[in-house]
Amino acid sequence: MSQQLPRRLESEAVGKIPILGLGTWKAAPGEVTEAVKVAIDAGYRHFDCAYLYNNENDVGTGIQQKIKEGVVRREDLFIVSKLWCTYHKKALVKTACYKSLKALKLDYLDLYLIHWPMGFKAMEDLVIAGLVKYIGVSNFNHEQLERLLDKPDLRIKPITNQIECHPYLTQRNLIRFCQSRDVSVTAYRPLGGSCEGVDLMDDPVIKTIAQKHNKSPAQILIRFQIQRGVIVIPKSVNPKRIQENIQVFDFELAEQEVDELLCLDRDFRMARFPIAENHKDYPFNIEY
Ligand code: NDP
């Protein structure tokens, strides 16, 4: 197994963030340590974590072991965590960040995202304190992001907006907006997650394209984002699938195939965060 970052993965990094990372949501604590180790051996360097996922301790164990084995150095890795909504108060932001750092067994994060669009200001202090290298946002609609970027007192610009994105929710307008403001986009749930009744990987258009390239539907879904210049973080705890999901740098989708995937858009959002639907900053009540 290659322990090197595939050359094309390095060259296709979008700005500061490696273009392909491992998602860790719903990765059970008992499984995720091994998944992280397999992923590092397969060449993953970007790991998407969050306080909410309740498994940062086990992710950290996997990272720590691979550093100890000398497979990677801390500076080779790009570790992301997210500030959960119960820690938005300025006084709590640093505490939350320290909790994630302690669980992950790190002394800094590469990127800290605000998980949902409610509060951002105190995040800037974490960069100034050297606890995180970059900050970013997640689930921001274009109005919320524009408001943030246009704040006269903004000290540190978010480097990415992490949003749900796949062929049933292509996010063309929001991606165009983010890229026009020099904010990268990270696609979460790129494989459609495990949403009941919807199986992106069973879509006939996606299956046909996959057969043409002798690739799996998951590989097509991942490559689709990469060719749009979008960072992508498929989750898997299955060693075979972890390896499969990174084998996406040896083929290219034709422009027409990308168009076919874009045409599957049906504005279908899986992550709706229903308990926050009545919050004033709920992000999904506008078109994009
Ligand atoms: P994904 O679209 O990554 O789908 C994950 C599911 O697909 C799992 O059931 C996984 O099972 C399966 N899978 C993975 N690879 C393959 C493959 N090659 N073939 C078939 N099935 C496969 O969904 P997620 O919701 O996990 O999104 C990815 C990541 O994005 C999350 O883990 C998290 O890090 C982040 N995220 C961020 C959010 C936010 O609000 N900012 C919200 C949601 C997610 P298995 O593990 O058994 O392989």
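Counting starts at 1 for both ligands and their atoms, following the listed order.
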Heavy-atom contacts under 4.0 Å between Ala218 and ligand 1: side chain, backbone, both, or neither?
-> side chain
Any idea which of Asn139, Ile114, Leu191 brings a heavy atom closest to atom 2 (O) of ligand 1?
-> Leu191
Atoms in ligand 1 with a heavy atom of Gly192 nearer than 4.0 Å = 2 (O)
Closest heavy-atom pair and its distance - Lys133, Asp110 = CB-O, 3.4 Å
Report the nearest protein non-hydrogen atom to atom 15 (N) of ligand 1: residue, atom name, distance rounded to 0.1 Å.
-> Asn245 ND2, 3.0 Å
May I ask whether Ser216 has any heavy atom positioned less than 4.0 angstrom from an atom of ligand 1?
-> no
Could you check atom 32 (O) of ligand 1 against the protein and tell me its nearest heavy-atom contact, residue, atom and distance included?
-> Trp25 N, 2.8 Å
Closest to atom 14 (C) of ligand 1 among Lys235, Arg241, Met270 (heavy-atom distance) | Lys235
Taking atom CZ of Arg181 and atom CG of Asn161, what is their separation to the nearest 0.5 Å?
-> 12.5 Å
Quick look: Met201 vs ligand 1, heavy-atom contacts under 4.0 Å, and the answer is side chain
Could you see which bit of Leu113 sits under 4.0 Å from ligand 1, with heavy atoms only: side chain, backbone, both or neither?
-> neither
Which of these, Gln247, Gln162, His115, Glu244, has its nearest heavy atom closest to atom 37 (C) of ligand 1?
-> Gln162
Do Arg272's NZ or CZ and the ring of Phe284 fall within the cation-pi criteria of under 6.0 Å and 45°?
-> no
Minimum-distance protein heavy atom relative to atom 29 (C) of ligand 1 | Ile233 O, 3.3 Å
Atoms in ligand 1 flagged as close to Pro234, the criterion being non-hydrogen separation under 4.0 Å = 3 (O)
With heavy atoms only and a cut-off of under 4.0 Å, state how Ile242 meets ligand 1: side chain, backbone, both or neither.
-> neither
Evaluate the criterion ring-ring contact (aromatic ring centres under 6.0 Å, His included) for residue pair Tyr51 and Tyr87; output intermediate values, then yes/no.
-> CA-CA 10 Å; Tyr51 173 77; Tyr87 289 92; 5.2 Å; yes
Working for side chain to side chain donor-acceptor pair (under 3.5 Å), residues Tyr112 and Tyr134 = CA-CA 7 Å; Tyr112 201 37; Tyr134 303 106; over 6 Å; no
Minimum-distance protein heavy atom relative to atom 27 (O) of ligand 1 = Arg189 N, 3.0 Å
For Asn238, the atoms of ligand 1 under 4.0 Å from one of its heavy atoms are 48 (O)
Could you give the distance from CD (Glu143) to CD (Glu287), rounded to the nearest 0.5 Å?
-> 10.5 Å
Write down the atom of Arg228, the atom of Leu262, and the distance for their closest heavy-atom approach.
-> NH2-CD2, 3.7 Å
Closest non-hydrogen atom pair between Tyr288 and Asn141, with its separation = O-CB, 3.6 Å
Are side-chain N/O atoms of Arg223 and Gln219 paired as donor and acceptor at under 3.5 Å?
-> no
Measure the distance from atom 9 (O) of ligand 1 to every protein heavy atom, then report the residue, atom name and distance (to 0.1 Å) of the closest one.
-> Ser194 CB, 4.2 Å
the protein heavy atom lying closest to atom 23 (O) of ligand 1 turns out to be Gly193 CA, 3.3 Å
Go through ligand 1 atom by atom and flag the ones less than 4.0 Å from a non-hydrogen atom of Asp48.
-> 33 (C), 34 (O), 35 (C)
What protein heavy atom sits nearest atom 43 (C) of ligand 1, and how far off is it?
-> Tyr188 CD1, 3.3 Å
Does ligand 1 have any atom that is closer than 4.0 Å to a heavy atom of Tyr53?
-> yes
Would you check whether Ala271 reaches within less than 4.0 Å of ligand 1, judged by its heavy atoms?
-> no
Is the shortest distance from a Lys or Arg side-chain nitrogen in Lys82 or Asp48 to a carboxylate oxygen in the other one below 4.0 Å?
-> yes
Side chain to side chain donor-acceptor pair (under 3.5 Å) test vs Ser216 passes for just one of Arg241, Glu244, Gln247, namely Glu244
Could you tell me whether Asp202 and Lys207 have a side-chain N and a carboxylate O separated by less than 4.0 Å?
-> yes
For Pro158 and Gly136, the nearest pair of non-hydrogen atoms, with its separation, is CB-CA, 3.8 Å
Contact partition for Ser138 relative to ligand 1, non-hydrogen atoms under 4.0 Å | side chain
